[in-house]
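Encoded as structure tokens, the structure appears first; notes follow it.
Every value quoted in this text rests on a predicted model; they were computed, and no experiment measured them.
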Amino acid sequence: MDWHIPLVIAAVAFVGFFVWRLRPVLSSGERVGPKLREARARIAAAKTDEERATALCDAGDLCARGVGRTRNAIAYYLRAMRAAPDSVEIVERAAAALAKRPRALEALAWRRLGSEGWEGDGRAASVAMLGALASAYGKMPKHHVRARALEQALAAMGAPPRAVRPRSSSRPS
């Protein structure tokens, strides 16, 4: 038997598998560009910080859904958090939009937590961001220890029980 035939079969199987894995991206059909231009126009036209933060979150949501725009999504969410630093809603929107990208959520969380105070009006937003970061670390197999440490920090800060995830029993303590 000729050695070329198995090689061609393996190459066709690889291409088929690759196309199958990219199927959700290729078939989504949603064009982010026009909606993103509209969101940018709303950002420029915003009169108040709340309007600007909402428009920035909308742009961040669009970028988070798009392919290859994760850095833009992080930048929009950070700008929204600067416009309304005490908004828990922005933190929850960012965490929900970046839930499938835990590394991006980690980058956003540490930048947010490093730039804003954890006390006063921004305390609730910081607690929400710590909870989102603990959840993101819980999804990364190598970072369960970080997740537990953040859960304990949240408990020490007096966070409500909904923000503290229960420990997973998959690993012995």
Side-chain angles (χ1 to χ4, degrees), residues 12 14-143 146-147 150 154 159-160 162-163 165:
V12 168
F14 175 74
V15 169
F17 173 76
F18 192 69
V19 168
W20 177 258
R21 294 289 291 176
L22 286 177
R23 180 182 39 88
V25 173
L26 297 174
S27 66
S28 68
E30 182 180 4
R31 304 297 284 168
V32 175
K35 293 179 182 178
L36 190 55
R37 280 190 289 277
E38 178 185 318
R40 286 180 184 156
R42 286 190 9 241
I43 293 168
K47 304 277 187 216
T48 65
D49 284 340
E50 291 81 23
E51 289 177 6
R52 186 174 297 109
T54 301
L56 286 164
C57 282
D58 292 343
D61 291 344
L62 288 170
C63 288
R65 280 187 275 165
V67 178
R69 296 180 185 249
T70 306
R71 287 184 181 177
N72 292 343
I74 292 170
Y76 282 124
Y77 288 127
L78 279 173
R79 287 177 59 194
M81 289 176 192
R82 286 186 194 121
D86 57 339
S87 175
V88 176
E89 179 186 351
I90 294 172
V91 171
E92 290 172 349
R93 280 183 73 174
L98 297 174
K100 292 184 179 180
R101 296 179 175 100
R103 293 275 183 212
L105 182 59
E106 176 187 26
L108 173 68
W110 283 120
R111 289 181 69 183
R112 163 47 174 102
L113 291 168
S115 66
E116 298 293 331
W118 293 19
E119 296 169 354
D121 293 339
R123 184 179 191 288
S126 295
V127 167
M129 186 55 82
L130 283 170
L133 185 58
S135 176
Y137 280 147
K139 293 177 184 177
M140 294 185 224
K142 293 183 179 181
H143 297 301
R146 292 180 186 178
L150 287 174
L154 284 167
R162 65 176 174 78
R165 293 184 322 105

Restricting to non-hydrogen atoms, name the atom on [X] and the atom on [Y] that form the minimum distance, rounded to 0.1 Å.
X	Y	value
Leu105	Ala136	CD2-CB, 3.7 Å
Val91	Ala125	CG2-O, 3.8 Å
Ile90	Ala80	CD1-O, 3.5 Å
Val88	Ala128	CG1-CB, 3.9 Å
Ala83	Ala53	CB-CB, 4.2 Å
Thr70	Ala104	CG2-CB, 3.3 Å

Enclosure of [X] [atom1] (heavy-atom neighbours >12, cutoff 6.0 Å):
X	atom1	result
Glu89	CD	no
Arg42	CZ	yes
Asp121	CG	no

Would you say [X]'s side chain and [Y]'s backbone share a donor-acceptor pair under 3.5 angstrom?
X	Y	value
Arg52	Arg79	no
Thr54	Glu50	yes
Tyr137	Pro102	no
Arg112	Pro85	yes

Looking at [atom1] of [X] and [atom2] of [Y], how far apart are the two atoms once the value is rounded to the nearest 0.5 Å?
X	Y	atom1	atom2	value
Arg123	Leu130	CZ	CG	10.0 Å
Asp49	Glu51	CG	CD	9.5 Å
Cys57	Tyr77	SG	OH	6.5 Å
Glu92	Met129	CD	CE	10.5 Å
Arg93	Met81	CZ	CE	11.0 Å
Leu78	Leu108	CG	CG	5.0 Å

Legend entry - Audit row: Arg103, Glu106, salt bridge (charged side-chain N to carboxylate O under 4.0 Å, His left out) steps and yes/no: CA-CA 5 Å; Arg103 293 275 183 212; Glu106 176 187 26; 3.5 Å; yes

Legend entry - Partner of Arg69 by side-chain contact (heavy atoms from CB on, under 4.5 Å), out of Ile74, Leu62, Leu36: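 Only one option passes, and that is Leu36.
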
Legend entry - Side-chain heavy atoms of Trp110 within contact of Leu133, under 4.5 Å: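 Of all side-chain heavy-atom pairs linking Leu133 with Trp110, at least one is under 4.5 Å.
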
